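Take a look at the structure below.
These numbers come from the heavy atoms of this one structure, side chains and all, not from hydrogens, waters or symmetry mates. This structure is a prediction, so every number in the text was calculated from the model and none was measured.
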Amino acid sequence: MIINIVTGIITARSMGATGRGEQAALLMLPQLLAYCLTLGLPTSITFNIKKNPNLSRSLVTFTLIFAFGLGVVATLIGILIIPFLFEGYAGRVIVSAQYLMIFSITYLIGIVLTGILKARDNFKLFNRWRYIEPIIILMSLLILYFSNNISPLTAALSYILPSLPMFLIIFIYILREYRVSFNNFVDSSKRVTSYGIRSYGIDLVTNLSGKLDQVLIAAFLNSTAIGLYVISLSLSKMIGIIHNSIVTVLFPRMLTMDKKQMIDTTLVITRITLVAILIIDIILFFLSPFVIELLYGPSFKQADIILKFLIFEVLFSGCAVILSQPFMSLNKPGAITTLQVLSMIINLLLLWLLVPKYGLLGAGIATLLSSILKFLTVVICYPVILKTPLPRFYMNKSDILYLKKIIINR
């Protein structure tokens, strides 16, 4: 994330808000449509490999084939809708965006590969992928910057192409570990799709957070507004990495716990995370104007207003994702999926209503309100579905001792 901030500074200072917005438009749909069409495969493959290790080869075979097909569908959809979605953009931006849609296939398969690595508890290789890719991106952008060849298209390619080497390495590694097998293929396909569809809504809401709003801003506002929004989103994601790191490890580990242990572990981690991020948010709330100007320059000062909303959006949406993990681990994703999808629909409606009228301010209000709703719906599911009391969100002595024990053991 720190490297991503640096790459964002390079592109923002060299291309300005308008160029940064065009770059975001080029990168937007390949990732967005890939995440839209996962059908819950990343979570499902992690769950099913853990629960059915004897079927792991056929589970992986089916999931990779299915992911490839969904990637092709995402590519075709993107090519068709880009001219309508980016109607106000230059023709070169539209054509370039259509060509880049082919990378939806690698994005979608890559998401599945990370799910398989989680199932194997191979966080070492998982993390290599996460930090080697941005390092290569940074090097590519520096070469473009010092050679005066940086543009929205070359910058976009610098973000996409560096992912391919690690993608191929991990893809080959997975194929070696799980030889292609069509034994029990039908049974494996039923297991993957059954759990995937039921968990799809949670994956969808989690992965699309911060992506659908960019699409609507692109549709209603200009590329300058997208540039301001993207750099604010990048800074707020620095906070969100705390939630992402927790969930990455928590879900596969919880699959070996009993129900009570799952819930107790989730709640204590949520309380500690909530307090820690709230402190960070309050500090950043007051320092955000200085941070933005220092990093990106005075032309991005207007991004301060949206950043103030996004840092608190990350607080609520991130805690909602952590709180969702027991439902995923206990094979009960259905009801919470429905509630999460409803909250996403409300988010889209709020964006649709507020962005044309209030611009970036409307986007900030809409994303914050929808994340609060998402958080509350998950909390309500605890007594309704898990038959447990409403979660407690203030820290007490036992939580502090838990945190101390973790730190000492490390």
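Considering only heavy atoms from C-beta on, Leu369 stays 4.5 Å or farther from Leu373 through its side chain. Two residues are said to be in side-chain contact when any heavy atoms from C-beta on lie closer than 4.5 Å; Ile10 and Leu144 fail this criterion. No side-chain heavy atom of Tyr35 sits less than 4.5 Å from a side-chain heavy atom of Leu108. Taking 4.5 Å as the limit, some side-chain heavy atom of Arg271 sits within range of a side-chain heavy atom of Val268. Counting heavy atoms from C-beta on, the side chains of Ile246 and Thr273 come closer than 4.5 Å. Side chains of Met101 and Leu29 form a contact here, defined as non-hydrogen atoms less than 4.5 Å apart. Put simply, the side chain of Val378 does not reach to within 4.5 Å of the side chain of Val321, judged on heavy atoms. A 4.5 Å side-chain heavy-atom check between Phe316 and Leu376 finds every atom pair outside the cut-off.
Taking CG from Leu157 and CG from Leu27, the interatomic distance works out to 8.5 Å, rounded to the nearest 0.5 Å. Note that the CG atom of Leu330 and the CE atom of Met262 stand 4.5 Å from one another [nearest 0.5 Å]. To the nearest 0.5 Å, the span separating OG on Ser236 from CG on Leu310 amounts to 4.5 Å. Expressed to the nearest 0.5 Å, how far OG1 of Thr270 lies from CG of Leu323 amounts to 4.0 Å. If you take NZ on Lys118 and CD1 on Ile116, they are separated by 12.0 Å, rounding to the nearest 0.5 Å. The CD atom of Glu177 sits 10.0 Å away from the CG atom of Leu117 when rounded to the nearest 0.5 Å.
No donor-acceptor distance shorter than 3.5 angstrom exists from the side chain of Ser44 to the backbone of Leu41, with no hydrogens or angles considered. Between the side chain of Ser104 and the backbone N or O of Gly71, no donor-acceptor pair lies under 3.5 Å. Using a distance-only test at 3.5 Å, with no hydrogens or angles considered, a donor-acceptor pair links the side chain of Asp258 to the main chain of Gln261. Using modelled atom types, no side-chain atom of Ser56 and backbone atom of Asn52 make a donor-acceptor pair closer than 3.5 Å. Remark: the backbone N or O of Thr7 is paired with a side-chain donor or acceptor of Thr11 at under 3.5 angstrom. For the pair Thr377 (side chain) and Lys374 (backbone), a donor-acceptor distance under 3.5 Å is present.
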Exercise for the section: Would you please test Tyr178 and Leu64 for side-chain contact (heavy atoms from CB on, under 4.5 Å) and show each step? Expected result: CA-CA 11 Å; Tyr178 300 97; Leu64 291 177; over 6 Å; no

Practice task
Please lay out, stage by stage, how Phe312 and Leu278 fare under the test side-chain contact (heavy atoms from CB on, under 4.5 Å).
Solution key: CA-CA 8 Å; Phe312 288 101; Leu278 183 59; 4.2 Å; yes

Practice task
Please test Phe66 against Thr63 for side-chain contact (heavy atoms from CB on, under 4.5 Å), starting from the C-alpha separation and ending with a verdict.
Solution key: CA-CA 5 Å; Phe66 195 23; Thr63 304; 5.7 Å; no

Exercise for the section: Apply side-chain contact (heavy atoms from CB on, under 4.5 Å) to the pair Tyr229 and Thr367, showing each step before the final yes or no. Expected result: CA-CA 12 Å; Tyr229 186 83; Thr367 52; 4.0 Å; yes

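Of the N and O atoms on the side chains of Thr154 and Ser151, at least one donor lies less than 3.5 Å from an acceptor on the other residue. Donor-acceptor pairing under 3.5 Å is lacking for the side chains of Ser140 and Ser158.
Nearest heavy-atom pair across Ala74 and Leu33 is O-CD1, 3.4 Å. The shortest non-hydrogen separation linking Thr61 to Ser181 is OG1-N, 3.0 Å. Closest approach of Leu59 and Asn48 over heavy atoms only: CD1-O, 3.7 Å. Gln23 and Tyr159 make their closest contact through NE2-CE1, 3.1 Å (heavy atoms, listed as atom of the first residue, atom of the second, distance). Minimum heavy-atom separation, Ile322 to Ile269: CG2-CG2, 4.5 Å. Between Ile263 and Pro326, the shortest heavy-atom contact is CG1-CB, 4.4 Å.
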What side-chain donor-acceptor pairs closer than 3.5 Å can you find for residues 160-176, not counting sequence neighbours?
from   : atom 1 : to     : atom 2 : distance (Å)
Ser163 : OG     : Ile160 : O      : 2.6
Tyr173 : OH     : Arg120 : NE     : 3.2
Tyr173 : OH     : Asn122 : ND2    : 2.9

Donor-acceptor pairs under 3.5 angstrom involving side-chain atoms of residues 282-294: please list them, not counting sequence neighbours.
from   : atom 1 : to     : atom 2 : distance (Å)
Ser288 : OG     : Phe285 : O      : 3.3
Ser288 : OG     : Asp304 : OD1    : 2.4
Ser288 : OG     : Lys308 : NZ     : 3.0

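The environment of OH in Tyr99 is sparse: at most 12 heavy-atom neighbours from other residues, nucleotides or ligands sit within 6.0 Å. Shown here is Gln302, whose CD atom has no more than 12 heavy atoms of other residues, nucleotides or ligands within 6.0 Å. Within 6.0 Å of atom NZ in Lys301, 12 or fewer heavy atoms from other residues, nucleotides or ligands are found, so the atom counts as exposed in its surroundings. Within 6.0 Å of OH in Tyr145 there are 12 or fewer heavy atoms belonging to other residues, nucleotides or ligands.
Legend: residues meeting salt bridge (charged side-chain N to carboxylate O under 4.0 Å, His left out) with Arg191, ordered by chain and number and at least two apart, are Asp187.
Separation of the Phe103 and Tyr107 ring centroids does not fall under the 6.0 Å cut-off.
When each of Ser371, Ser370, Ser317 is paired with Asn347, the side chain to side chain donor-acceptor pair (under 3.5 Å) condition holds for Ser370 and for no other.
Using bins of under 30°, 30° to 60° and over 60° for the plane-to-plane angle, the ring pair Phe47/Tyr195 lands in the parallel bin.
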